[in-house]
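First comes the structure, then the notes that go with it.
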Amino acid sequence: MTQKLEFYLLDVNTETIDHSTEIRLWVVNRKGKPVLLRHPRVPAHFYAMPKPSSTAESVASSIAGTKIAGVSKTEIVEKRFFGKPVQVVKVVSDQPELVSKIAHAVGELKNVERTVEDDIRVGPRYLIENGLVPCAWHVAETIPSSAKEVAIDVFELEKPPTLNESAEVPNLKMLAFSVIAVGAKGSARPEHDPIAILSAATSDEKTHSFVREGKDDSELLAKFQDFVREFDPDIIVGYTNNRLDWPYIIKRAEKLGFKLNLDRSGSGPHPSMYGHMSIAGRVNLDIYDLASDMIEIKVKTLENTAEFFGVTEFGKNEPIEEHEYQDYWAHESRRTKLIAWNEARARATLRLAELNLPFVTQLAALTGMPPDQVLTAAVGFRVDWYLIRQAHRVGELVPKRLDQPYFPYRGAIVLEPRTGLHDNVAVLDFASMYPNIMILRNLSPETIVRGKDSVAAKDVFEVKETKAKFRKKPEGFYAAVLRGLIEERVRIREQVERLDQKSLEYRILREREKAVKVITNACYGYAGWTGARWYVREVAESAAALGRGTINEVIAFARKIGLTVIYGDTDSIFVENAPAKIDRLLKMVEKELELEIKGDKVYTRTLFTEAKKRYAGLLPDGRLDIVGLEVVRGDWAEVAKNAQEAVIRFVLEDKSPDRAAHHVRRTIADLRAGRIPLRDLVIWKTLTKPVEEYKVHAPHVEAAKKLLKAGWELTSDEKIGYVITKGKGKLYEKAKPLALVGAKEVDVEYYETNQVLPASARILELLGVKERELLPENAKGA
DNA sequence: GCTGACTGCCTACCT
DNA sequence: ACAGGTAGGCAGTCAGCG
């Protein structure tokens, strides 16, 4: 009487019913229809590890004797803990809500060393133990249920589903939304400012706006809710919806006594893991979380994010800044424009979600985290969950996250650059240096040889500099995981070659490869992160030390064969482009160091300042790479960055400063004449803590204080855009926030002296040009 | 009271 | 809220200065 159901897993949550836990899998079937699968009465469990002086049997009988409330049964199982085989007691409870209490009581028993995995909650555990993967296909035997409390089809499960891989992508319904609320002064506050406009764009290419008409927004909320329920999206997406839009909507609803019913089980969004808002049965994505990972986007507005991804929804609209909302809303004639603007925001958000969904789903599938969580979670937690999955596969117990003391260690080497211009420069990079070192030397938490362990010297690799020793065999956890990841990447690359670049499968595999890369590259840093479950400082420290040794050997070899090294940082070296010598070097690395170094690119000309980590290179196709310099920094005014970029280009193209210097003089003349628009004079800096916690005065902090005074609310890590204005006093006194400044107030002298001149001179001084020669009045030979 | 040398705070960047 | 290495602006302090 059961029926087979193939489904794509979107989310999991749990419901407590009579103290027992029901697992709820929110899925879509092959036809793209949403379905709820309920697996009732799923027990929870954790493990108790006996002290070395005791045994699992003894611990089991202690637990039985103590009669701890909620323990349903115990079982002795074989596991591994940091690679060592251990007999542990699996403690099962039918009342998952009691687990932490039970674990605490068990942890107190005299023969118990520790409890483990009591911090892994039932929902995620259900997925892990049964090999279920978010954003992947599965198959289950299901029993139709007559349950009426949710609007979609419900089935019961008697046993867990199984993975049933398929490259197919379900057709998911997506709804993007954007909220505008207007305050009388500064930011809108949910306590007294109703939502003015709520726009929604749906994957069937429709856009709807809900505009407040009455004195409050209850009707607006009700209509939006009806709209959501009617469209019934699988994915809801916004921009800063986790931290702003949903909390605002929730507070408005509370204020109005309006019970939200937006999810698939009859309630509203609620805060969940890693700061994301959970909407039962739907995936709630926040594109801002995605933008946070894109370091190229300096000021993370929706408009900038859209531009970065080539989303053109804002094309026709003139931009409306948040501080202008109030004005646009207040005037009937302009209100239409504000509505159109908000609709463009919703559509841009939808496009961004569509573009990035393949990456999000692949990252979810790889880490095993639900898609909305994985996007919000920091890299460390993504690695955490990936490792938890891998640990389970090999019977390794999952260590708890502990508060560990922090001891810094020595990191990578950066070479002093050969200052000036160089022609024909090759850049050589190690391929995944840290991961490969960790594999090569088997650096792992369980392969470490501690003082008390006795292992024959020949079976051990010692990192001289850190004095840490690692067993050569068997292969450690990190090494095995990293090898798997690197192999998967190679596999994907091979597969991809045989595919049509326009096919969906190609696209998805590419995104999978990106996800694999993210996790691979984060493992070294993860190992040295005190918050990591598998934190072992010696592993990261030794990887860093071996990395230094590696790059040093490469440099020494280059010297020996007369290959000039111009610069190097961590796992890269810049050398004169002498192919025969480079080839010898690559071969040496492969044979002697057992690592791979690759020729990344060749610059026709490069420019190195005296500082490390700041240089520029001209590629054969005319493109410019600029690294570390003001051009690529978000905290320099556009006018200075533009001038510097032009200078770099002219210098690299001409090998002479003339055109560059002329350009700078013209920029300064424009500045003095007031021909530079205000937006090119804004300096953006992140406010990293509340203004009152700063120990010194700083321009962006003072600007932030002015915003607060004007009634604006600032979120944590907000970028403050400010302009230096005319007047007396300290610089910080002259910094005014963008929202409150007028073009006439600008102190152009500051931009000349402290922005354009130093940024340009930094480059031109390499060619012997002095700062004063860059002033219009000092033009030579005119 | 101003100048210059120096230190510390702070932010953003590189691999 | 993955690691350490690095640059550089500005504030602030203090010595020197008739």
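Residue numbers begin at 1 in each chain, while the letters A, B, ... track the order of the sequences.
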Per A/Tyr409 side chain, nearest of listed nucleotides C/dG4, C/dG8, C/dG12: C/dG4

Side chain of A/His700 (C-beta onward), nearest among B/dC10, B/dC14, C/dC10: B/dC10

Sugar-phosphate only, base, or nothing, as touched by A/Tyr406 at under 4.0 Å among non-hydrogen atoms: sugar-phosphate

Partner of A/Leu443 under side chain to side chain contact (heavy atoms under 4.5 Å, CB included), chosen from A/Ile437, A/Val536, A/Leu482: A/Ile437

Sugar-phosphate, base or nothing in reach of A/Gly531, heavy atoms under 4.0 Å: nothing

Nearest-neighbour nucleotide for the A/Asn754 side chain, B/dC10, B/dT11, C/dC10 considered: C/dC10

Protein-nucleotide distance (A/Lys719, atom NZ; B/dC10, atom C1'), rounded to Å: 13 Å

Presence of salt bridge, A/Lys705 and A/Glu702, under 4.0 angstrom: yes

Between C/dG5 (C1') and A/Ile551 (CD1): distance, integer Å: 14 Å

Selected nucleotide, minimal atom distance to A/Lys730 side chain, candidates C/dA11, C/dA7, B/dC13: C/dA11

Sugar-phosphate, base or nothing in reach of A/Lys695, heavy atoms under 4.0 Å: sugar-phosphate

N or O in side chain of A/Lys298 less than 4.0 angstrom from B/dC13 OP1/OP2: yes

C/dT6 OP1/OP2 closer than 4.0 Å to side-chain N/O of A/Lys612: yes

Sugar-phosphate only, base, or nothing, as touched by A/Tyr535 at under 4.0 Å among non-hydrogen atoms: nothing

For atom CG of A/Leu731 and atom P of C/dG9, their distance in whole Å: 12 Å

Integer-rounded Å distance: C/dG4 C1' and A/Met433 CE: 12 Å

C/dG9 OP1/OP2 closer than 4.0 Å to side-chain N/O of A/Arg762: yes

Rounded distance in Å - CD (A/Glu465) to C1' (C/dG4): 14 Å

